Structures are given as structure tokens and as C-alpha cells.
Trainee: 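Can you keep this structure in mind? I'll have questions shortly.
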Protein chains: 2
Amino acid sequence: MTAPTADRPVSHSPSAPSVRETAEAWESLFRTQVTVMRRLQTDPAFRELGIKEYDVLFTLSGCPGGGLRLNELNNHVLLAQSSLSRLVDRLERKGLVTRRAAPEDGRGTLIALTEAGLETQRRIGRGHVREIARLFGTALDGGELAELTRLTAKLRQHVEESHPL
Amino acid sequence: MTAPTADRPVSHSPSAPSVRETAEAWESLFRTQVTVMRRLQTDPAFRELGIKEYDVLFTLSGCPGGGLRLNELNNHVLLAQSSLSRLVDRLERKGLVTRRAAPEDGRGTLIALTEAGLETQRRIGRGHVREIARLFGTALDGGELAELTRLTAKLRQHVEESHPL
DNA sequence: TCAGGATACATGCATTTGCATCTATCTCGA
DNA sequence: TCGAGATAGATGCAAATGCATGTATCCTGA
């Protein structure tokens with residue numbers, strides 16, 4: 001993902017990291033995501049419903065209130081706004097989500113899970129988490145896994161706050 | 001990405017993690033990748049060449065020998081084999097890579113960077129690493145960044161070894 | 001050695017995606 | 001209050017993608 005560049009010397013100290021160290025971390029994170037996702041995608045469960053479609057159902061299942069606005073949903077998915085709009089079209093045609101006008105903003109659309117959508121998400125999700133656990137196996141122990149979660153969450157929060165879209 | 005499931009109690013001990021902890025770690029890693037990638041994609045540098053096309057040039061730049069086989073290249077990218085084949089078509093038409101028969105396997109294709117391809121990768125790459133560093137900012141210190149690199153690399157290596165495609 | 005199956009890559013075709021643009025609604029300052 | 005600009009989402013259309021399949025080459029056991 002990155003190329004070597006002139007840079008100050010590598011420092012493994014707990015101070016400001018070099019550009020190179022930063023790029024290496026991103027490269028490693030990114031490749032790991034590719035490696036894991038490639039294998040998750042082959043799960044036969046995702047022949048019924050693509051993994052992106054599942055991801056939208058999963059995100060919606062996390063906010064059982066009134067659903068999510070399309071643009072909020074869009075922040076969780078790596079798709080252009082128009083592509084997400086059509087992905088929601090497909091889910092709507094399958095009866096897994098509903099669209100309704102946002103109560104406080106006439107421009108907005110509120111997307112919410114239907115009963116069938118929730119049931120589908122839960123059914124696929126059960127097998128999906130098992131598949132994740134099977135893939136990860138014993139690669140990382142409990143402490144390492146917790147640290148991975150903490151570091152990625154910290155990075156994500158920082159990027160969201162200091163570089164809004 | 002995942003749904004809650006019945007599971008043994010959460011353990012933050014350094015022993016075998018629960019299914020839930022594993023799914024949480026994957027979810028956090030995945031969302032972070034989405035958050036960062038979404039922002040990297042908006043770099044105007046990727047109007048000249050899509051980020052996936054750049055990624056292929058970058059991967060090729062790491063093996064300056066004779067290039068890479070199409071199927072090796074495919075392991076680094078989240079694309080179906082046929083899609084990668086056509087992505088390489090596009091790069092070839094732009095004069096950034098060459099295709100030639102693999103020396104030891106008549107079925108294989110060896111993809112290699114041209115001079116122009118290497119130059120393009122380096123030019124885009126220089127700005128790209130700076131953009132990564134700008135995004136990451138001071139989110140993680142040097143030690144945390146090194147730990148993130150170590151954990152993701154360890155996970156990736158484990159998955160590649162124990163779950164070949 | 002050679003037939004049957006596996007593997008590497010390319011290609012036809014339908015689906016999905018993104019860009020540009022459109023409409024509708026909202027916001028804010030004069 | 002009104003008008004200019006901003007924002008949310010939908011849509012036309014070209015490009016990119018994936019699935020199924022095709023062709024060529026390789027491998028293996030009888």
C-alpha cells in the first residue's frame with residue numbers, strides 16, 4: 001500500500017512514530033483485513049445474501065430504535081452513497097428492511113429492519129461468528145485479542161474525530 | 001459484522017479467548033479499515049488511478065525480480081480472479097505493467113511493472129504515505145503502532161497458514 | 001504413456017458500483 | 001420573508017465486478 005520514503009530514523013520509543021512506521025502499520029492492518037475477509041466471503045451462508053448486504057443488516061440490528069438514516073449507514077460501509085441507496089433497494093425488495101421518511105428532516109430516509117430482516121441477520125450471524133472464531137483459532141491469546149480491539153478502536157475513534165468526511 | 005451469541009463468560013485472561021471476544025476484535029479491525037480506507041480513497045491522487053490499481057502496482061513493486069503470477073497477486077487483493085485479470089488488462093493498456101508467459105508453467109502469466117509503472121507507483125506512493133501519516137496523526141504512539149503491526153501480522157500469518165484458500 | 005482430473009487464466013454476460021446530476025428539503029443571513 | 005447555498009437521497013449511464021464457463025496446460029496413477 002505504501003512506498004519507502006526518506007524519513008527520520010525509525011524509533012521504537014513510545015513517542016511520535018515515523019511516517020514509515022505508520023505506513024507499515026496501515027499496510028499490515030489492511031492486508032490482514034483482506035486475508036480474513038477473503039476467507040469469510042467464501043462461507044456458503046453468503047450465497048443467500050452478500051456479505052455487504054449482511055453487514056447492513058448487522059449495523060441496523062445494533063440500533064433497534066427507529067433505524068438509521070441512509071447517510072449514517074453510509075459511514076459504516078465502504079460504498080458510494082448511490083451504491084448504498086441501491087443496496088437498500090435490494091434489501092427492501094427482499095422484505096428485509098423498510099424505508100420511511102425521516103421524522104425531523106424531510107430530505108432524509110430512515111432505514112429499519114423488518115422482522116424478517118432481523119431474523120435473517122441473526123440466523124446468518126450465528127454461523128458467521130463461529131466462522132470468525134474458527135479462522136482466528138489460537139492465533140492470538142485473550143490479552144492480545146483485547147489489545148488488538150483496543151488499538152483499532154482507538155485509531156478509528158481518532159480518525160473519525162479529527163478527519164470527518 | 002457479527003451478532004451476539006450464547007457463549008462462555010468473557011475472559012480477559014491470556015488464555016483461549018471467547019467467540020464473542022474474537023468477533024469483537026474482527027469487528028473493530030474491520031470498521032477501522034473501512035474508516036481509514038474511506039478517507040484515503042478521497043485523495044485526489046486516486047483520480048488518476050484507482051486505489052485498487054495502485055495497490056497492484058505497489059504489490060508488484062515489492063518483487064522487482066520477474067514480477068508475480070496472477071494467482072499470487074490475487075492473494076493480496078480482495079477481488080475475484082476474473083476481476084483481477086481485467087484490472088491487469090487496464091494497467092497493461094495504460095502501459096504500467098506487462099504480461100508474459102510464466103517460464104516454468106505454460107498456464108501461468110507473469111505480471112511485471114514497466115518503468116512507467118514503477119515511476120507511477122513511486123510518485124503516487126510518496127503522497128499516499130504522507131496522507132496515511134496525516135490521518136493517523138498522534139492517535140497511537142510508537143509503541144502502540146508497533147504492537148498493532150505485530151498483532152495484525154501474527155493474525156494474518158496464522159490465518160494464511162492454517163486456512164489456505 | 002496416456003486418460004482423467006486439477007489448475008491457471010481468459011471471456012461472455014448479468015449484476016453491482018461509482019460518477020455526475022437531478023429533485024426536494026433545509027439553513028442562514030440580509 | 002426570501003433567496004442563495006448546502007445537504008439528503010434518487011437516478012441515468014458507463015465502468016467494474018463476479019459467476020459460470022471455456023481453453024490450454026499440468027499432474028498423477030494405472
Side-chain angles (χ1 to χ4, degrees), chain A residues 34 37-56 60 66-94 96-112 164-165, chain B residues 34 37-56 60 66-94 96-112 164-165:
Chain A
V34 169
M37 185 59 82
R38 220 181 199 322
R39 285 158 177 83
L40 289 176
Q41 276 182 332
T42 69
D43 190 322
F46 296 117
R47 301 183 78 83
E48 170 188 2
L49 198 66
I51 200 164
K52 286 173 190 157
E53 282 81 0
Y54 168 75
D55 191 24
V56 166
L60 289 171
L68 277 181
R69 294 283 297 270
L70 195 65
N71 59 354
E72 298 174 302
L73 209 46
N74 209 166
N75 291 334
H76 293 272
V77 176
L78 208 50
L79 279 177
Q81 174 267 319
S82 60
S83 304
L84 178 59
S85 181
R86 281 190 257 243
L87 189 155
V88 169
D89 284 349
R90 298 195 293 274
L91 292 176
E92 196 179 15
R93 259 181 268 121
K94 292 186 181 194
L96 302 176
V97 305
T98 57
R99 255 190 248 251
R100 63 187 186 93
E104 298 299 333
D105 187 338
R107 300 165 298 178
T109 307
L110 210 50
I111 318 292
L165 288 171
Chain B
V34 169
M37 185 59 83
R38 219 181 200 323
R39 285 158 178 82
L40 290 176
Q41 277 182 332
T42 69
D43 189 324
F46 296 117
R47 301 183 80 82
E48 170 188 1
L49 198 66
I51 200 164
K52 285 173 191 157
E53 281 81 0
Y54 167 76
D55 191 25
V56 166
L60 289 171
L68 277 181
R69 293 282 297 270
L70 194 65
N71 59 353
E72 298 175 301
L73 209 48
N74 208 166
N75 291 334
H76 293 272
V77 175
L78 208 50
L79 279 177
Q81 174 266 319
S82 60
S83 304
L84 178 58
S85 181
R86 282 191 256 244
L87 189 155
V88 169
D89 284 348
R90 298 194 295 272
L91 292 176
E92 196 179 15
R93 260 182 268 122
K94 291 186 181 194
L96 302 175
V97 305
T98 56
R99 252 190 249 250
R100 65 188 185 91
E104 298 299 332
D105 188 337
R107 299 164 298 178
T109 307
L110 209 52
I111 318 291
L165 287 172

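What you see is a predicted model; the values in this text were computed from it and never measured. All chains are named by letter (A, B, ...) in the order of the sequence lines, taking the proteins before the strands, and each is independently numbered beginning at 1. Side chains are part of it too, since the values below use all heavy atoms of this structure and drop only hydrogens, waters and symmetry mates.
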Trainee: Atom CD of Q81(A) to atom C1' of dG18(C): distance rounded to whole Å?
Mentor: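 So the CD-C1' distance, Q81(A) to dG18(C), works out to 11 Å.
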
Trainee: Report the residue (L78(A) or G106(A)) whose heavy-atom-nearest nucleotide on DNA chain C is the more 5′ of the two.
Mentor: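 Mapping each residue to its closest nucleotide by heavy atoms, the 5'-most match is L78(A).
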
Trainee: Atom CZ of R100(B) to atom C1' of dA8(C): distance rounded to whole Å?
Mentor: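 Atom CZ in R100(B) sits about 16 Å away from atom C1' in dA8(C).
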
Trainee: Run Q81(A) and N71(A) through side-chain contact (heavy atoms from CB on, under 4.5 Å) and show every step you take.
Mentor: CA-CA 7 Å; Q81(A) 174 267 319; N71(A) 59 354; over 6 Å; no

Trainee: Does S83(B) place a side-chain N or O at less than 4.0 Å from the phosphate oxygens OP1/OP2 of dA16(D)?
Mentor: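 False: S83(B) side-chain N/O out of range (4.0 Å or more) of dA16(D) OP1/OP2.
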
Trainee: Would you mind reading off the distance between E53(A) atom CD and dT15(C) atom C1', rounded to a whole angstrom?
Mentor: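 Atom-to-atom, E53(A) to dT15(C), this comes out as 11 Å.
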
Trainee: Would you indicate which nucleotide in dT17(C), dG9(D), dA10(C) comes nearest to any side-chain atom of S85(B)?
Mentor: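 The closest nucleotide is dA10(C).
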
Trainee: Rounded off to whole Å, could you give me the CG-to-P distance for the L73(A) and dA8(D) pair?
Mentor: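 Nearest whole value for this atom pair: 14 Å.
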
Trainee: If only side-chain N and O atoms of N71(A) are considered, is one of them under 4.0 Å from the OP1 or OP2 phosphate oxygen of dG9(D)?
Mentor: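 Yes, because at least one side-chain N or O of N71(A) sits under 4.0 Å from OP1 or OP2 of dG9(D).
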
Trainee: To the nearest Å, give me how far apart CD (E104(B)) and C1' (dC27(D)) are.
Mentor: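 After rounding, the reported distance stands at 15 Å.
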
Trainee: Please test V34(B) against H76(A) for side-chain contact (heavy atoms from CB on, under 4.5 Å), starting from the C-alpha separation and ending with a verdict.
Mentor: CA-CA 7 Å; V34(B) 169; H76(A) 293 272; over 6 Å; no

Trainee: Would a 4.5 Å heavy-atom cut-off, applied to side chains only, mark R69(B) and L110(B) as touching?
Mentor: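 Yes - at least one pair of side-chain heavy atoms lies under 4.5 Å apart.
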
Trainee: Rounded to whole Å, please give me the gap between CG in L70(A) and C1' in dT23(C).
Mentor: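 Rounded to whole Å, this separation is 16 Å.
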
Trainee: Donor-acceptor pair, distance only, cut-off 3.5 Å: does the side chain of R38(B) make one with the backbone of L79(A)?
Mentor: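 Yes, R38(B) side chain to L79(A) backbone: donor-acceptor pair under 3.5 Å.
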
Trainee: OP1 or OP2 of dT17(C) less than 4.0 angstrom from a side-chain nitrogen or oxygen of R86(A), does that happen here?
Mentor: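 No, because none of the side-chain N or O atoms of R86(A) sits under 4.0 Å from OP1 or OP2 of dT17(C).
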
Trainee: Rounded to the nearest Å, what distance is computed from the CZ atom of residue F46(A) to the P atom of nucleotide dG18(D)?
Mentor: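 After rounding, the gap between these two atoms is 15 Å.
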
Trainee: Pair L96(B), L49(B) - check side-chain contact (heavy atoms from CB on, under 4.5 Å), show working.
Mentor: CA-CA 11 Å; L96(B) 302 175; L49(B) 198 66; 4.1 Å; yes

Trainee: Whether R93(B) contacts dA15(D) is assessed here as follows: a side-chain N or O lying under 4.0 Å from the phosphate OP1 or OP2. Is that the case?
Mentor: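 Negative; the distance criterion is not met.
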
Trainee: If only side-chain N and O atoms of K52(A) are considered, is one of them under 4.0 Å from the OP1 or OP2 phosphate oxygen of dT17(C)?
Mentor: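 Answer yes for this pair, as a side-chain N or O of K52(A) is under 4.0 Å from OP1 or OP2.
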
Trainee: Round to a whole Å and report the spacing from CG of L87(B) to C1' of dT16(C).
Mentor: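 The answer, rounded to whole Å, is 16 Å.
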
Trainee: Go nucleotide by nucleotide along DNA chain C from the 5' end; which of R107(B) and Q41(B) gets its closest nucleotide reached first?
Mentor: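 That would be R107(B).
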
Trainee: Could you tell me whether the phosphate oxygens of dG18(D), OP1 or OP2, come under 4.0 Å of any side-chain nitrogen or oxygen in R47(A)?
Mentor: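 R47(A) to dG18(D) OP1/OP2: no side-chain N or O under 4.0 Å.
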
Trainee: Please work out if S82(A) contacts a base, only the sugar-phosphate, or nothing of the nucleic acid, heavy-atom cut-off 4.0 Å.
Mentor: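 S82(A): base contact, heavy atoms under 4.0 Å.
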
Trainee: Identify, between E72(A) and L84(B), the residue whose nearest nucleotide on DNA chain D lies closer to the 5' end.
Mentor: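 The residue mapped nearer the 5' terminus is E72(A).
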
Trainee: Below the 4.0 Å mark, does dC9(C) have OP1 or OP2 next to a side-chain nitrogen or oxygen of R69(B)?
Mentor: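 For dC9(C), OP1 or OP2 has a side-chain N or O of R69(B) closer than 4.0 Å.
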
Trainee: From C-beta outward on D105(A), which listed nucleotide comes closest to its side chain: dA8(C), dT17(C), dT25(C)?
Mentor: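 Nucleotide nearest to D105(A)'s side chain: dT25(C).
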
Trainee: Could you tell me whether the side chain of D43(A) reaches within less than 4.5 Å of the side chain of I51(A), counting heavy atoms only?
Mentor: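 No, too far: nothing below the 4.5 Å cut-off.
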
